[in-house]
Novice: 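Before we start, here is the structure in question, set down as C-alpha cells.
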Protein chains: 2
Amino acid sequence: MQPRILVVEDEPAIQELIALNLEQAGQLPVLADSAEQALERIQEELPDLVLLDWMLPGQSGLELARRLRGDARTKRLPIIMLTARGDEEDKLRGLETGADDYITKPFSVKELQARIKAVLRRRAPEITDDAVEYHGLRLDPAAHRVTGKGKELAMGPTEFRLLHFFMTHTERVYSRTQLLDQVWGDHVFIEERTVDVHIRRLRAALSPSGHEAFIHTIRGSGYRFSRA
Amino acid sequence: MQPRILVVEDEPAIQELIALNLEQAGQLPVLADSAEQALERIQEELPDLVLLDWMLPGQSGLELARRLRGDARTKRLPIIMLTARGDEEDKLRGLETGADDYITKPFSVKELQARIKAVLRRRAPEITDDAVEYHGLRLDPAAHRVTGKGKELAMGPTEFRLLHFFMTHTERVYSRTQLLDQVWGDHVFIEERTVDVHIRRLRAALSPSGHEAFIHTIRGSGYRFSRA
DNA sequence: GGCGGACGTGACGGAATCGTTGCAGCCATG
DNA sequence: CATGGCTGCAACGATTCCGTCACGTCCGCC
C-alpha cells in the first residue's frame, strides 16, 4: 500500500521539491502550509507519517507536534522534523516532544528517503501484508484468503480490501469519504453511496460465519468494524 | 468548530481592526466596548476567549478580569490582555489577576493570532475527539460509542452530540438558546422547546444505566449535566 | 389552595439516511 | 466472440430521525 505522507512546510519551493521526491518514491504527498491546515489534513487524509518543518508562521512546529502527541488518535503518528542547520536547541526540544527523527536543512533526497523508510518500518503495523485476526475472523493478504469459524469466506477484490482495512482499523468510525480514500485510493471520483453497496456485499460474504455482525452502521457518520 | 472571541475595546478603530482579522482567521468576533457590556455578551454568547483592553472607560479591564475569575462560570475563561507599550506594571498586575497572556500595543496580526491559538490550545479540552468519562458514563467520539455500567447505550446523532456537549461542559447551567447554538450550530431557526424533546430522548437513551439522573432541569434557566 | 407559567410526554408528518436490488459496462478468460 | 465475474450507479422501499404541536403535569408564587 502507498503510504501517505503529510508535508507541513510554508515555503512553496521546498514543499514542491519534497512532494516531487515523494511521488517518485511511490509515496503519496499530502500538503499543508500551516499547523492549522495540517490538523485538518490529518483528520481528512489519515497520513502514515508527518514531515514537519520546525519554523512555521503562527503556531510553531513544536506546538503542533506536542498537540499531536497529546491526542489519542495521533499519539502514535510518526513525525520527522525538518530543522535549520545547527539548530541544536530545536533538535533537542523536538526529540523531547516526541518527534521520531530529524533532518537538518539542506538535506539530500537520499537521506530524506532513508529516514522515511526507517520510520515507516519502525512503526507500521497496518501497512504490512501480515495476516490479521480479530475475534475468530482471519484474513491473510499473502494467500488472499479469509476464514471465519473454519469456513472459507469468498468475496471480490474490493470487499477483500475493504475488510482488510476494517480489520486493521477496528473500533473506530470511518466516513464514506475516508473509506473511499483508504480502500479505493485517493482522487477517485466515485459516488459515496457505492460504499453502501460494497458494505452490503461484504456483509453477505461474511454471513456464513456470522461475522457480518461486526460491521456496524453509524447513522450520519459512517461505518465501524468492531465486536458487539 | 469556530471559536468565539469576545473583543473588549473602547476605541472603534482598533475594535474593527481586530474583528476583521479574527474573521479572516476563521474566528467569530463578539464585540463589547465596555466592561458592563462585556459581562452581558459573555452571558449570551459563551465566548471561548476574551481579548481585553486594559484601559477602559469606567470599570477598568483589571477589574473585569478579577470579576471573571471570581465567578465560577467564567473562572476558566481564557483572557488575553492588551496593554500599552512598556506598561510593565499593568503587565504584572494583569498576570497576577489571572490573564493567560498579554500583547503590547501596537501588535502585529501574526502575533495576535499566534497568542490566540496558543491560549485556545492550552485550554480547549472540548474541541478534541478524545473519549470523555464522567462518573461511570463513557463517551467515545472516535468509535461513536456511549457506555454506562458496561452497557452500550444507543441514541440518535443529535442526542449523541448533545451528550458530548454536556459531558465536556458539566456542572453548569445552559439555556435552551445556548444549547441550540452549541449543539445544533449557530444561525439555526429551531423552536426552543425542541430542546426539551431531545433532552427527553437523551434521558430515555441513558435510562438503561441509570445515568438519566445526571440531567437536571433548572426551572426557568435551562439544563445542567452533573452528578447529584 | 388556586393560578399561571414552565416543563414532560406522546404522537405525527416530513425529511434524511440507509439497505437492497437490478442493470449496464468493463475486463479477462477461454 | 461468448461467458462470467466484478464494479459502479440509479432507483425504490424501509427505516430512522427530526422538528413541531397538543395536551397533561408539575412547580413556584401569591
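Just so we're on the same page: letters track the sequence lines, and every chain starts at 1. None of these values were measured; they are calculated from a predicted model.
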Novice: I need the minimum non-hydrogen distance between S209(A) and G148(A), along with the two atoms involved.
Specialist: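 Minimum heavy-atom separation between S209(A) and G148(A): CB-O, 3.4 Å.
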Novice: In the 5'-to-3' direction, what one-character label does each nucleotide of nucleotides 20-30 of chain D receive under the scheme B = base within less than 4.0 Å of a protein heavy atom, S = sugar-phosphate only, - = no such atom?
Specialist: BB-----B---
Novice: Give a yes/no answer on whether the side chain of R176(A) brings an N or O atom under 4.0 Å of OP1 or OP2 in dT17(C).
Specialist: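 Answer no for this pair, as no side-chain N or O of R176(A) is under 4.0 Å from OP1 or OP2.
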Novice: For the residue pair L137(A) and L153(A), establish whether any side-chain heavy-atom pair is separated by less than 4.5 Å.
Specialist: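 Yes. Closest side-chain heavy atoms under 4.5 Å.
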Novice: Once you round it to whole Å, what is the distance between C1' of dC17(D) and CZ of R161(B)?
Specialist: 11 Å
Novice: Roughly how many Å is it from CG in L162(B) to P in dG19(D), rounded to a whole number?
Specialist: 11 Å
Novice: Taking only N and O in the side chain of W184(B), is any of them less than 4.0 Å away from OP1 or OP2 of dG19(D)?
Specialist: yes
Novice: Less than 4.0 Å between a side-chain N and a carboxylate O, is that true for R172(A) and D140(B)?
Specialist: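 Result for this pair is no, no salt bridge flagged.
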Novice: If I take atom CG in residue D196(B) and atom C1' in nucleotide dC18(D), what distance separates them, rounded to the nearest angstrom?
Specialist: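 Taking CG of D196(B) and C1' of dC18(D), I get 15 Å after rounding.
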Novice: Counting side-chain heavy atoms from CB outward, which of dC18(D), dC18(C), dC7(C) is closest to T217(B)?
Specialist: dC7(C)
Novice: Is there a donor-acceptor pair closer than 3.5 Å between any side-chain N or O of R41(B) and the backbone N or O of L31(B)?
Specialist: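 Checked: pair present.
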Novice: NA contact type, I218(A), heavy-atom cut-off 4.0 Å: base, sugar-phosphate, or nothing?
Specialist: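 Contact class for I218(A): sugar-phosphate only.
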Novice: CZ of F160(A) versus C1' of dG5(D): gap in Å, rounded?
Specialist: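 After rounding, the gap between these two atoms is 17 Å.
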Novice: Separation of R200(A) atom CZ from dC6(D) atom C1', in whole Å?
Specialist: 15 Å
Novice: I want to know whether F166(B) and F214(B) have ring centres closer than 6.0 Å.
Specialist: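 No, the ring of F166(B) stays outside the 6.0 Å limit from the ring of F214(B), centre to centre.
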Novice: Side-chain contact, heavy-atom cut-off 4.5 Å: D53(A) with I14(A)?
Specialist: no
Novice: Taking CG from L202(A) and P from dG19(C), how many angstroms apart are they, rounded to a whole number?
Specialist: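 From L202(A) CG to dG19(C) P: 12 Å.
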Novice: Have a look at Y223(A) and say if it touches a base, only the backbone sugar-phosphate, or nothing, with a 4.0 Å heavy-atom cut-off.
Specialist: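 Since only primed, P, OP1 and OP2 atoms lie under 4.0 Å of Y223(A), the category is sugar-phosphate.
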Novice: Using atom types as modelled and distance alone, determine if a side-chain donor or acceptor of Q37(B) lies under 3.5 Å from a backbone N or O of D33(B).
Specialist: yes
